[in-house]
Amino acid sequence: MEAINTLLLLGGGLLFLSVLASLVSARFGVPLLLVFLVVGMLAGEDGPGGIRFDNYGASFFIGNLALAIILLNGGLQTSIKSFRTGLKPALSLATVGVLVSAGLVGVFAMLLMGIDLAHGLLLGAIIGSTDAAAVFALLRSGGIRLNDRVGSTLEIESGANDPMAVLLVLMLVGWMSGRADGGPLTLLLTFATQFGVGALAGLGGGWLLSRLFARLRLADGLYALLLAAGGISLFALANKMGGSGFLAIYLAGVVIGNRPTPASPIMLPVMDGLAWFAQAVMFLMLGLLVTPSKMVGDLPQAFAVAVFLMLVARPVAVMLCLRPFRFPRHEVLFVSWVGLRGAVPIVIAIFPMMAGVPASAPLFGVTFAVVLVSLLVQGSSLGWMARKLGVVVPEPDPLPQARAPLLALTPTADWLTLSVHPDAAAIGEPVGTVLAGALPGAAAHCLALSRHGQLIVPDASTRFAAGDDALVLAPAGEGEALSRVFLPQPEQDGPLCERRFFGDFVLDGSARLGDVAGLYGETLPADEADLTLDALFARRYACVRVVGDRIRIGRLCLTIRAMNDRHVGRVGLRLAADRQLRPSA
């Protein structure tokens, strides 16, 4: 009992200190995951804590369990819209990209460290994939919002590239330990099984679980527990069937997250907390597992490998994989930089040690050092690099008084209750004019007004007054745009203020470019004057267009403000170039 109490005290104390340290990490821009890792190292054998922990089997089990929860939560928060935008480039990065990175790192490690090619390729395979835990955590908690094309590509890549890394490591481990059998056809079949079984298990299991949640009525606290248990079971089942459990549980999360049920608002916040707990436990444990004194001799080589991976191997792989998709150059540079490594490479590095591969212990130390460098350098500079390369779009301005929770009326319409602020531009303006100006080309109807306790049924000529509460029927998803006319202009004026980023004027995507340019005296090439704004963006952007894509024509800055399926729905117009906002095309 004394030993159990001591273990609980140490575990709880380390978690408590790590979360408190996050206050310091946020101030200095250090990734929280790195804080957990460092706290674990300080509590370990070489640190003040002096805890000796070298159970690789337990580490492997806990690491896989934690990764399953993290990937499940990452899938829950991934919109199906992201798949439409980033699936193809992400799959290219998750397969060909991992192979290229692993091969380049393998050759470099062989030349640098004096090891044979097999061990070099094994190291490359271990660190060749990005880490979903690191990517999900930093993208969601870093205070930045990437444009959909970049954000969806990075998230899907990090969730889908683990099967390739695991397959490469298992192939090399089998070969180096003398247990490999079969030729190239067998390897190709294994690869197809990993992806195929993993995808089918994830999609099928996610559909079944989502149907179950739609029908069950449980105590509020049990929904998240049922989801976590179902996800872990699916992870293990996919692995036992020869598929990728990592891919299965991620896809299951995507399916469940995009099929809302009455239980969704209850279980999603709990799953987010479970994911943070899993990350904290995993990184603390991995910090305890490493012995820094044994890594000192390998640090120069490990640092060189990390620099080569960040500045050569990852960029080369990204440029090759994204070239067919015609990503803008600055987005290719950013995707190259966000090749974050985290817990996955460390967990994978345990494979060869458990399989008894000769001289595999140094690879674990090098992998750990590479992860440290990646989190410290790439993770800490993520926000700065995103702003520098112009891949950030502003978060919607806060709407504290104008929107009540939306009530879904049909799949294409919403009811909104909107309050008119005393300083709103809508005051004194006719209802019809305000609604038409806020949503050009879309139909919105004000069904009722509550004014000083009296109910008014307005017509198009009724004028809004301060303090009115309006019941509006609007197209689904248009509440944010409509709400703005009932609020005062935002006070902030930073480079990522919505008003400054998109401009004060909103144009329909079907507007003729020649008409817009003629109003401001801008000249156009003869072949562009008759284009609509939608067609202009389609011509300038060979890749999938997303909110935040920008075109400059003289003094005019045109920025996509909203997409309507695959077409440009609304475009923001801003006059006079702002040097802080990078053009995309």
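Hydrogens, waters and symmetry mates are skipped; everything else that's a heavy atom, side chains included, is used.
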request  = Answer whether the closest heavy-atom distance between the side chains of Gln194 and Met164 falls below 4.5 Å.
outcome  = no
message = We want to know whether Ser374 and Arg341 form a side-chain donor-acceptor pair, criterion being a heavy-atom distance below 3.5 angstrom.
response = no
key: CA sep, side-chain torsions, deciding dist, call: Phe334, Val392, side chain to side chain contact (heavy atoms under 4.5 Å, CB included)   = CA-CA 11 Å; Phe334 183 75; Val392 182; over 6 Å; no
query = So which heavy atom on Pro345 is nearest to which on Val371, and how close?
reply = CB-CG2, 4.3 Å
request  = Determine whether Arg540 and Asp549 make a side-chain contact, defined as any pair of heavy atoms from C-beta on separated by less than 4.5 Å.
outcome  = no
task = Please report the C-alpha distance between Thr78 and Tyr250 in whole Å, then the side-chain angles of each, then the deciding distance to 0.1 Å, and finally whether the side chain to side chain contact (heavy atoms under 4.5 Å, CB included) criterion is met.
result = CA-CA 9 Å; Thr78 300; Tyr250 175 67; 3.4 Å; yes
message = Quick check: do Met241 and Leu200 have side-chain heavy atoms less than 4.5 Å from each other?
response = no
message = Any side-chain to backbone donor/acceptor pair from Glu522 onto Arg555? Under 3.5 Å, distance only.
response = yes
ask   = Should Leu154 and Val335 be marked as a side chain to side chain contact (heavy atoms under 4.5 Å, CB included) after you check the CA-CA gap, both sets of side-chain angles, and the distance that decides it?
value = CA-CA 7 Å; Leu154 287 171; Val335 173; 4.0 Å; yes
task = Show the numbers, then the answer: is there a side chain to side chain contact (heavy atoms under 4.5 Å, CB included) between Ser244 and Val166?
result = CA-CA 9 Å; Ser244 169; Val166 171; over 6 Å; no
message = Any non-hydrogen side-chain atom of Val169 less than 4.5 Å from a side-chain atom of Leu122?
response = yes
inquiry  = To check you understand the geometry: which heavy-atom pair defines the closest contact between Leu112 and Ala304, and what is its length?
reply    = CD2-CB, 3.6 Å
query = Between the side chain of Gln378 and the main-chain N/O of Trp337, is any donor-acceptor distance below 3.5 Å?
reply = yes
Test item: Thr367 and Val370 side chains (from C-beta on) under 4.5 Å apart, heavy atoms = no
query = Is the backbone N or O of Val150 less than 3.5 Å from a side-chain atom of Asn147, with the two atoms forming a donor-acceptor pair by type?
reply = yes
query = Should His445 and Leu435 count as side-chain neighbours, where that means a heavy-atom distance under 4.5 Å?
reply = no
Pi-cation contact, Phe501 with Arg561 (under 6.0 Å, within 45°) = no
message = Measuring from atom CD1 of Ile69 to atom CD of Gln279, what distance do you get when rounded to the nearest 0.5 angstrom?
response = 11.5 Å
key: Residue of the set Ile256, Asn73, Leu76 for which side-chain contact (heavy atoms from CB on, under 4.5 Å) holds with Leu268   = Leu76
request  = Supply the atom-to-atom distance Ile551 CD1 to Tyr541 OH, rounded to the nearest 0.5 angstrom.
outcome  = 6.0 Å
key: side-chain hydrogen bond (donor to acceptor under 3.5 Å, both in side chains) contacts in which one or both residues fall within residues 303-327, not counting sequence neighbours   = Glu157-Arg314
request  = If the plane angle is over 60° it's perpendicular, under 30° parallel, otherwise tilted; pick one for Phe327 and Phe325.
outcome  = perpendicular
inquiry  = Whether Asp534 and Arg545 form a salt bridge (side-chain N of Lys/Arg under 4.0 Å from carboxylate O of Asp/Glu) is what I want to check.
reply    = yes
message = Restricting to non-hydrogen atoms, name the atom on Ala317 and the atom on Gly97 that form the minimum distance, rounded to 0.1 Å.
response = CB-O, 3.6 Å
remark   = Heavy-atom closest pair (Val255 atom, Gly206 atom, distance to 0.1 Å) is CG1-C, 3.6 Å
note = Here the gap from Leu531 atom CG to Phe537 atom CZ, rounded to the nearest 0.5 Å, amounts to 12.0 Å
query = Gly339 and Thr130: which non-hydrogen atoms are nearest, and at how many Å?
reply = CA-CG2, 3.6 Å
task = Considering non-hydrogen atoms only, spot the tightest contact between Ile348 and Ala165 and give its length.
result = CD1-CB, 4.1 Å
inquiry  = Can a donor-acceptor pair be found, under 3.5 Å and without considering hydrogens, that links the side chain of Asn239 to the backbone of Phe235?
reply    = yes
inquiry  = Measuring from atom CZ of Phe246 to atom CG of Leu72, what distance do you get when rounded to the nearest 0.5 angstrom?
reply    = 13.5 Å
ask   = Any chance CZ of Phe303 has more than 12 other-residue heavy atoms, nucleotides or ligands included, within less than 6.0 Å?
value = no
query = Is any side-chain heavy atom of Asp508 less than 4.5 Å from a side-chain heavy atom of Leu533?
reply = no
query = Below 4.5 Å, heavy atoms only, C-beta onward: do Met310 and Val373 meet side chain to side chain?
reply = yes
query = Side chain of Ser101, backbone of Val98: donor and acceptor closer than 3.5 Å?
reply = no
query = Any donor-acceptor pair under 3.5 Å linking the side chain of Asn258 with the backbone of Ile80?
reply = yes
query = Any side-chain donor paired with an acceptor under 3.5 Å for Thr85 and Arg149?
reply = no
ask   = Which value, rounded to the nearest 0.5 Å, describes the distance between Leu375 atom CG and Phe283 atom CZ?
value = 6.0 Å
ask   = Is the backbone of Trp384 close enough, under 3.5 Å, to the side chain of Ser381 for a donor and an acceptor to pair up by distance?
value = no
message = Let me confirm one number: the OG1-CG distance from Thr532 to Leu507, rounded to the nearest 0.5 Å.
response = 12.0 Å
